[in-house]
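First the structure, in the form of structure tokens, and then the observations on it.
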Amino acid sequence: MALEYRLTLAGDVAMGEVAARALPDPADQLTPTPSGQVLSADLDERYGFSVDVVADDHGYYSAPTETGDWEWEPDTAVDLTFEMTREADRFAEALRHAITAIARVLASGPEDAALMLSGDLLLLTRVDGVITKYRPTWWAHYPWANEIIPG
């Protein structure tokens, strides 16, 4: 069973720029699919995940939170998705690599953003530069993630 962590950035951001911000090492180049609509890389051997970058027009995102339903409809957005297996011996390291890449993206640009787990669990938002974290049990389970992504 695979898990997906998806960071969505609002705005007209180039897919290649997002990929370079997330994974700046030249060895981690993402390649376009034949349609050119997705940048993709299988980095399982190196980081324990595969990654896709996809541009989206008129996106719609929603999730329940502790304080009610959250909805977001950016006119344009870019999704950065990390997919990893739940194999106990590899998952923690893969997740750490993904959270580190997500932190690099957040630190290197001002876009409003949302981080979701498996498409329906909202973990954080950034609106006007302010990070709000949701799912406190997730953050408590991975306390090192609070150090990588403060807020």
Side-chain angles (χ1 to χ4, degrees), residues 1-30 39-56 59-74 76-151:
M1 178 179 171
L3 289 176
E4 289 185 357
Y5 286 84
R6 182 185 67 219
L7 178 68
T8 301
L9 300 174
D12 192 18
V13 185
M15 292 187 310
E17 177 188 334
V18 173
R21 288 165 54 188
L23 301 160
D25 188 324
D28 300 331
Q29 290 295 311
L30 279 69
L39 295 177
S40 184
D42 181 353
L43 300 173
D44 189 60
E45 288 296 316
R46 186 164 179 169
Y47 298 118
F49 57 70
S50 62
V51 63
D52 293 322
V53 181
V54 180
D56 186 19
Y60 175 79
Y61 305 88
S62 67
T65 70
E66 298 81 11
T67 59
D69 290 337
W70 168 82
E71 292 182 342
W72 189 37
E73 295 185 58
T76 58
V78 173
D79 292 328
L80 173 67
T81 304
F82 298 88
E83 184 175 312
M84 59 199 77
T85 64
R86 288 196 65 143
E87 293 176 29
D89 60 333
R90 300 190 68 220
F91 176 71
E93 182 179 347
L95 181 58
R96 186 179 295 269
H97 287 301
I99 294 295
T100 299
I102 289 164
R104 276 195 294 270
V105 172
L106 292 172
S108 61
E111 304 89 358
D112 286 352
L115 175 61
M116 296 186 73
L117 167 59
S118 297
D120 61 353
L121 297 176
L122 183 64
L123 297 178
L124 73 76
T125 59
R126 180 173 69 186
V127 178
D128 296 328
V130 177
I131 290 179
T132 302
K133 293 181 178 177
Y134 301 89
R135 303 283 173 197
T137 54
W138 186 92
W139 294 96
H141 189 72
Y142 303 107
W144 50 264
N146 283 305
E147 296 171 16
I148 295 172
I149 302 176

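Please read these numbers as outputs of a predicted model, since none were measured by experiment.
Residues Ala94 and Gly48 approach most closely at CB-O, 3.4 Å, considering heavy atoms. Residue Tyr134 comes nearest to Leu122 through the heavy atom pair CB-O, 3.2 Å, listed as atom of the first residue, atom of the second, then distance. For the pair Asp112 and Val127, the tightest heavy-atom approach, listed with the atom from each and the gap, is OD1-CA, 3.4 Å. Of all non-hydrogen atoms in Phe82 and Ala101, the two that sit nearest each other are CZ-CB, 3.7 Å. Between Val105 and Arg21, the shortest heavy-atom contact is O-NH2, 2.8 Å. Across all their heavy atoms, Asp120 and Pro64 have their closest contact at O-CD, 3.8 Å.
Note: Thr132 OG1 to Leu123 CG = 13.0 Å, rounded to the nearest 0.5 Å. Atom CZ of Arg96 is separated from atom OH of Tyr47 by 14.5 Å, given to the nearest 0.5 angstrom. To the nearest 0.5 Å, atom CG of residue Leu121 and atom CD of residue Glu4 are 12.5 Å apart. The distance from the CG atom of Asp56 to the CG atom of Asp79 is 5.5 Å, given to the nearest 0.5 Å. We find the CD-OG1 distance between Glu111 and Thr8 to be 11.5 Å, quoted to the nearest 0.5 Å. Thr100 OG1 to Leu23 CG: the interatomic distance, rounded to the nearest 0.5 Å, is 10.5 Å.
Put simply, the side chain of Arg46 reaches to within 4.5 Å of the side chain of Asp25, judged on heavy atoms. Glu66 places a side-chain heavy atom less than 4.5 Å from the side chain of Arg135. In this structure the side chain of Val18 never reaches within 4.5 angstrom of the side chain of Leu7, judged on heavy atoms. Counting heavy atoms from C-beta on, the side chains of Ile99 and Ile149 come closer than 4.5 Å. Considering only heavy atoms from C-beta on, Leu43 stays 4.5 Å or farther from His97 through its side chain.
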Problem - Trace of the side-chain contact (heavy atoms from CB on, under 4.5 Å) decision for Asn146 with Lys133 - result: CA-CA 10 Å; Asn146 283 305; Lys133 293 181 178 177; 2.8 Å; yes
Problem - CA sep, side-chain torsions, deciding dist, call: Tyr5, Met84, side-chain contact (heavy atoms from CB on, under 4.5 Å) - result: CA-CA 9 Å; Tyr5 286 84; Met84 59 199 77; 4.0 Å; yes
Practice task
Evaluate the criterion side-chain contact (heavy atoms from CB on, under 4.5 Å) for residue pair Asp52 and Glu83; output intermediate values, then yes/no.
Solution key: CA-CA 8 Å; Asp52 293 322; Glu83 184 175 312; 5.8 Å; no
Exercise for the section: Check the pair Leu30 / Val51 against side-chain contact (heavy atoms from CB on, under 4.5 Å), numbers first and verdict last. Expected result: CA-CA 8 Å; Leu30 279 69; Val51 63; 3.9 Å; yes
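Proximity of a side-chain donor or acceptor of Arg126 to a complementary backbone N or O of Ile131 within less than 3.5 Å is not detected. Under a 3.5 Å cut-off, the side chain of Ser62 and the backbone N or O of Trp70 do not form any donor-acceptor pair.
No side-chain donor-acceptor contact under 3.5 Å links Asp42 and Ser50.
Note on ring orientation: taking the six-membered ring where Trp is involved, the planes of Tyr142 and Trp144 are perpendicular (angle over 60°, cut-offs 30° and 60°).
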